[in-house]
Number of protein chains: 2
Amino acid sequence: MSSPKQIPTSIASTAHNHDRCISSAMQTARQVCSRSGARMTSLRENVLRLIWQSHQPLGAYKLMDMLAAASTRRVAPPTVYRALDFLLEQGLIHRINSLNAFIGCTHPSTRHANNFLICKACGIAIEFAYQGLQTSIDQTAAEFGFSIDAQSIELIGHCANCQATGGAPQP
Amino acid sequence: MSSPKQIPTSIASTAHNHDRCISSAMQTARQVCSRSGARMTSLRENVLRLIWQSHQPLGAYKLMDMLAAASTRRVAPPTVYRALDFLLEQGLIHRINSLNAFIGCTHPSTRHANNFLICKACGIAIEFAYQGLQTSIDQTAAEFGFSIDAQSIELIGHCANCQATGGAPQP
DNA sequence: TGCGTTATGTTATATAATAACATGTTTGTA
DNA sequence: TACAAACATGTTATTATATAACATAACGCA
Ligand SMILES: [Zn+2]
Ligand SMILES: [Zn+2]
Ligand SMILES: [Zn+2]
Ligand SMILES: [Zn+2]
């Protein structure tokens, strides 16, 4: 598992037009599916959009409630989990293990790891990829003769913004 | 969060007398509690011993069954979760988020991170600390102005042993 | 011994995820 | 167009993981 060199700037942590952010993500998602021959159905698209609309990682049951609220009929867990599984397989979202929650991938078309900064105050999860770090990871694994299939790095603490403003703890 | 320099050799992956391994861990645990003024009760000791007896991370409910099997009376979830919370607070065990499971800490007396190599074939979880990696982690966080309270690195793949022997997948 | 603190027991419930099977939809092809 | 195979979604039930709230017991010290 290796990562592209990337300037470590958080999209989510800087002011931006999130609607454009979302529609761009949706378009990329359609391209990814088109390339892989997978079907981006309306359910899957709705799930992905809801995830992207949230700046914080979204739990499966929260997502389920949002889907139900938007569609008259009730929505059962398997519906949402199957959509999530699909999006995970396509690399369009990540699962954050320490939160049991899901978040949109900011660079789904490139093969990459699963690395997040998670703020305890505002709840934001910032995906990052950094070549130097990945090299250290790979070296460490190599010293143990360990071959990596997947990785999850979750750094829990306080984001720059919350440190500056004394951001209130998450509801 | 910083880690001591450590020769990357897995205790669990090399042949050893695990009974001595366990009793050493129990003794260290008593010292840690004694220093922090915490009470190492028999329940907590039993839980820690059971965790150490397993070479694989142990789930809370599995642990509950083992406790119940060993003690005539039934054991309820809060009993086990409170013991686990205590052991986590004392730094005597780690929680592996991707497995919802717990494992004994191999060096509880030093402040350190939560870094594991997890083998999909044999289920072993190897704790590691590596200064170069930690430096990269700290640098990455610094570039985002992010302050780290806790970290979890979980590398999932195949251990050296299983690669050599084609180890069977976990039950 | 008595009192405050800490630990454990007990019951109920919350939260997260999956199994198993039925029904609907799409897609390609005869 | 009709049909079949593959794929996606609906539905019901259950399993797995974790916590809330309150009762009782044990401990540690005055
Ligand atoms: Zn990503
Ligand atoms: Zn924040
Ligand atoms: Zn440790
Ligand atoms: Zn292995």
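In what follows, every chain begins at residue 1, and chains take the letters A, B, ... in the order their sequences are listed. Because only heavy atoms are used, hydrogens play no part in the values below, and waters and symmetry mates are left out as well, while side chains stay in.
In DNA chain D, runs of at least 3 consecutive Watson-Crick or G-U pairs, each pair with both distances below 3.5 Å, span C:1-30 with D:1-30.
At whole-Å resolution of the value, CG in N97(A) and P in dA16(C) are 14 Å apart. To the nearest angstrom, C1' of dA16(C) lies 11 Å from OH of Y81(B). Taking atom CD of residue Q90(A) and atom C1' of nucleotide dA8(D), one finds them 14 Å apart after rounding to whole Å. A straight line from CG of N100(A) to P of dA14(C) spans 18 Å, rounded to a whole angstrom. With rounding to whole Å, R74(A) atom CZ is found 11 Å from dG10(D) atom P. The distance from atom CE of M64(A) to atom C1' of dT18(C) is 13 Å, rounded to the nearest whole Å. Whole-Å rounding puts the L99(B) CG to dT17(D) P distance at 10 Å. Summarising the geometry, the separation between CE on M40(B) and C1' on dA7(C) is reported as 14 Å, rounded to the nearest angstrom.
Of the two residues contacting DNA chain C, namely L43(B) and A101(A), the nearest-nucleotide position lying further toward the 5' end is that of L43(B).
Formation of a donor-acceptor pair under 3.5 Å by the S23(B) side chain with backbone atoms of R20(B) is found in this model. Using modelled atom types, one side-chain atom of Q56(B) and one backbone atom of C122(B) make a donor-acceptor pair closer than 3.5 Å. No donor-acceptor distance shorter than 3.5 angstrom exists from the side chain of S34(A) to the backbone of R30(A), with no hydrogens or angles considered. For the pair E127(B) (side chain) and T106(B) (backbone), a donor-acceptor distance under 3.5 Å is present. Of the possible donor and acceptor atoms, one in the side chain of E154(B) sits under 3.5 Å from a partner among the backbone N and O of N97(B).
Atoms OH and CG, on Y130(A) and N115(A) in that order, are 13.0 Å from each other to the nearest 0.5 Å.
Put simply, the side chain of Y61(B) and the base of dA16(D) share no donor and acceptor less than 3.5 Å apart.
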Item checked: Letter per nucleotide, 5' to 3', of nucleotides 21-30 of chain D [B base touched, S only sugar-phosphate touched, - untouched; heavy atoms, 4.0 Å] -> B------S--
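A sub-4.0 Å separation between OP1 or OP2 of dT9(D) and a side-chain N or O of R44(A) is present. Look at T79(A) and you'll find a side-chain N or O under 4.0 angstrom from OP1 or OP2 of dG10(D).
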Let me have the donor-acceptor pairs involving side chains of residues 70-81 of chain B, under 3.5 Å, with sequence neighbours excluded, atom names and distances please.
{"residue": "S71(B)", "atom": "OG", "partner": "L67(B)", "partner atom": "O", "Å": "3.3"}
{"residue": "S71(B)", "atom": "OG", "partner": "R73(B)", "partner atom": "O", "Å": "3.3"}

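A125(A) approaches I96(A) most closely through the heavy-atom pair CB-CD1, 3.7 Å.
Comparing dT9(D), dG9(C), dA7(C) by their closest approach to the side chain of T41(B) singles out dA7(C).
Looking only at side-chain heavy atoms (C-beta outward), Q90(A) and R44(A) stay at 4.5 Å or farther from each other.
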